[in-house]
Engineer: 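Encoded as structure tokens, here's the structure I'll be asking about.
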Amino acid sequence: MLDPKLLRSEPALVAANLARRGFVLDVGALTALEERRKSVQVHADTLRAERNARSKAIGKAKASGEDVAPLLAEVDSLGSQLEQAEAALAAVSAEVEGLALTLPNLLHESTPTGSDETGNVEVRRVGVPRHMDFTPRDHVALGESLGMLDFERAAAISGARFSVLSGPLARLHRALAQFMLDLHTQDHGYREAYVPYMVSRQTLTGTGQLPKFEEDLFRIPGETEYFLIPTAEVPLTNLARDQILEAAVLPMKWVAHTPCFRAEAGSHGRDTRGLIRQHQFDKVELVNVVRPEDSYAALEAMTACAEEVLKRLELPYRVLALCSGDIGFGSTKTYDLEVWLPGQDKYREISSCSNCETFQARRMQARWRNPQTGKPELVHTLNGSGVAVGRALVAVLENYQQADGSVVVPDVLQNYMGGVKQLQPSA
RNA sequence: GGAGAGGUGGCCGAGUGGUCGAAGGCGCUGGACUGGAAUUCCAGUAAUGCCCUCACGGGUAUUCGAGGGUUCGAAUCCCUCCCUCUCCGCCA
């Protein structure tokens, strides 16, 4: 959510910023709505003040034993007037709120302008794709020929966009997650968390997935409404919800390994093959809750933490600064990490690190006590994948494949594989 | 699932229809005392909207788990829901 004060005082400025996203903010309509809200609220407040004053007088009169009947008569018509005014206020407030929740975040000045992913700017490229003197296969061919990856059984169990991993491949998947968790907790100062995978509507509103992107989520019917988390960003960031944090506890650096569930609405026909786009996938997620002045340094640091995963796995990748047309709803600035996939002969997204500044904090009422002012102020929140486990598995399979269809286990994972150094068919 | 008890400020906790944004305590901040500190004493100490003000600040409204209701007036009474705790049952 944007700062309502800024929205009121500088609507043109806000509109100009959002226009870089291709988002059209109707300043005239917004201003008119705001004017209406203001007058309705002042009216209701005035009536309420009147009523309060008179009620107080009645109380005093009663206490001193006077006859309160004439006072009661005076206040007679106030009730219905106030009721009407409050109903009007509730209606206009709901309208304002509804609008506010659907506005995307302002962009940081360093976010490049562009209309779609072709406008993203490559910041750096790390590692060189390995030369293969054979035609590289994609992870589906590799996994299936190893006999460890089964989309047919998954389809029978659940339908499209699910997978079954088995044997050493399932273990490799687990090894990747363990490796990432250990890296971030031991070397990067993150605190591990185990969090709910089912969350409330309010929680998803806090991080910005709702109300606008409900069709991307899985909702569980039942007496209590739950949604499956689309990312651990949701529960981790909401750890700060409705809190006034002491300055000393900042920055909070959380890491969690969770499954993620996405309906992938609107992506029919995209990445239908393989593990790239599934309804269920695992991810190791990083979340920072920081003082406002630290958030851009934190974004660089968090991106470096995600990159370290790929460096240690010796996977070639590049870093993109997402442009205004491709960046997420709640983010002011985002770096995507794209890993090299020989099977697709291109770089594919494996991590996304974003600074949300106060956008989520305002929705969640996540604050800290600023020692300078002594007042509660909104924190900045950041999130980043560190990294997507399923896609990391894809990258390992494709980059470490051998001519004979076997796959070498990266050095840093061998301890997690009980000494297994290579995935062989029929293992 | 059954029975009971609760949810009040940063924290603990009093408050069963009016002068209650809310006693008291803790914590925190400032001041006095001290060579410095502890102790002690004094004072201050919620958020948010709107209006006025260049500003300092002031006014007003809302907020006592959430939402409805009763009433001139609700932290307080009624209804629904959520959450926490205790005991029992069940269970991983």
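Below, read A as the first sequence line, B as the second, and so on, with proteins coming before strands; counting in each chain starts at 1. Everything quoted here is computed from the prediction, not taken from an experiment.
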Engineer: How far, in whole Å, is B/A46 from B/G10 if one measures between their P atoms?
Structural biologist: 9 Å
Engineer: With distance as the sole criterion, is a donor-acceptor pair present between the side chains of A/N383 and A/S354 under 3.5 Å?
Structural biologist: no
Engineer: Please state how far atom CD in A/Q243 lies from atom P in B/G10, giving the value in whole angstrom units.
Structural biologist: 12 Å
Engineer: A/Q278 and A/S163: side-chain donor and acceptor closer than 3.5 Å?
Structural biologist: yes
Engineer: Need to verify one output field. Residue with the more 5' nearest nucleotide on RNA chain B, A/R369 or A/L72?
Structural biologist: A/R369
Engineer: Considering only atom P, compute the distance from B/A92 to B/G4 and round it to an integer number of Å.
Structural biologist: 28 Å
Engineer: Can you see whether A/Y335 engages A/N120 through a side-chain donor-acceptor pair at a distance of less than 3.5 angstrom?
Structural biologist: no
Engineer: Round to a whole Å and report the spacing from CG of A/L245 to C1' of B/C28.
Structural biologist: 17 Å
Engineer: Using the P atom as the point on both nucleotides, what is the distance between B/G25 and B/U34, in whole Å?
Structural biologist: 26 Å
Engineer: Do A/K283 and A/T258 have a side chain donor and acceptor closer than 3.5 Å?
Structural biologist: no
Engineer: Tell me: CG of A/L89 to C1' of B/U48, nearest whole Å?
Structural biologist: 14 Å
Engineer: Within a radius of less than 6.0 Å around CD of A/Q422, do more than 12 heavy atoms belonging to other residues, nucleotides or ligands occur?
Structural biologist: yes
Engineer: Would you measure the distance from the P atom in B/G68 across to the matching atom in B/C51 and give it in whole Å?
Structural biologist: 25 Å
Engineer: If a pair means Watson-Crick or G-U wobble with both distances below 3.5 Å, what does RNA chain B look like in dot-bracket form, with | marking bases paired to a different strand?
Structural biologist: ((((((((.[[[..)..(.....]]]((((((.......))))))(((((((....))))))).[[[[[..)....]]]]])))))))....
Engineer: A/D242 CG to B/C83 C1': how many Å, rounded?
Structural biologist: 13 Å
Engineer: Taking B/G27 as the reference, what is the distance to B/C12 when you measure between their C1' atoms (whole Å, please)?
Structural biologist: 10 Å
Engineer: In whole angstrom, give the distance that lies between atom CG of A/N370 and atom C1' of B/U29.
Structural biologist: 15 Å
Engineer: What does A/K62 touch in the nucleic acid at a heavy-atom separation under 4.0 angstrom: a base, only the sugar-phosphate, or nothing?
Structural biologist: base
Engineer: Could you tell me how far B/U80 sits from B/C85 if I compare only their C1' atoms? Round to whole Å.
Structural biologist: 22 Å
Engineer: Rounded to the Å, how far apart are A/R367 CZ and B/U48 P?
Structural biologist: 6 Å
Engineer: Check the distance between B/G73's C1' and A/E83's CD and give it to me in whole angstrom.
Structural biologist: 15 Å
Engineer: Would A/R20 and A/T113 count as having a side-chain donor-acceptor pair, cut-off 3.5 Å?
Structural biologist: yes
Engineer: Given the structure, check if the side chain of A/K56 and the base of B/G18 hold any donor-acceptor pair shorter than 3.5 Å.
Structural biologist: no
Engineer: A/F261 and A/Y197: aromatic ring centres closer than 6.0 Å?
Structural biologist: no
Engineer: Decide if atom CD of A/E97 counts as having more than 12 heavy atoms of other residues, nucleotides or ligands within a radius under 6.0 Å.
Structural biologist: no
Engineer: Please state the P separation for the pair B/G6 and B/G67 - nearest whole angstrom.
Structural biologist: 23 Å
Engineer: Who passes side-chain hydrogen bond (donor to acceptor under 3.5 Å, both in side chains) against A/H43, sequence neighbours left out?
Structural biologist: none
Engineer: What does nucleotides 49-62 of chain B look like as a protein-contact string, B for base, S for sugar-phosphate only, - for none, at under 4.0 angstrom between heavy atoms?
Structural biologist: BSS--------SSS
Engineer: Salt bridge or not between A/D138 and A/R273? Use side-chain N to carboxylate O under 4.0 Å.
Structural biologist: yes
Engineer: Measure from CD on A/Q202 to C1' on B/G65 and round the result to the nearest Å.
Structural biologist: 12 Å
Engineer: B/A75 and B/G65: how far apart are their C1' atoms, nearest whole angstrom?
Structural biologist: 12 Å
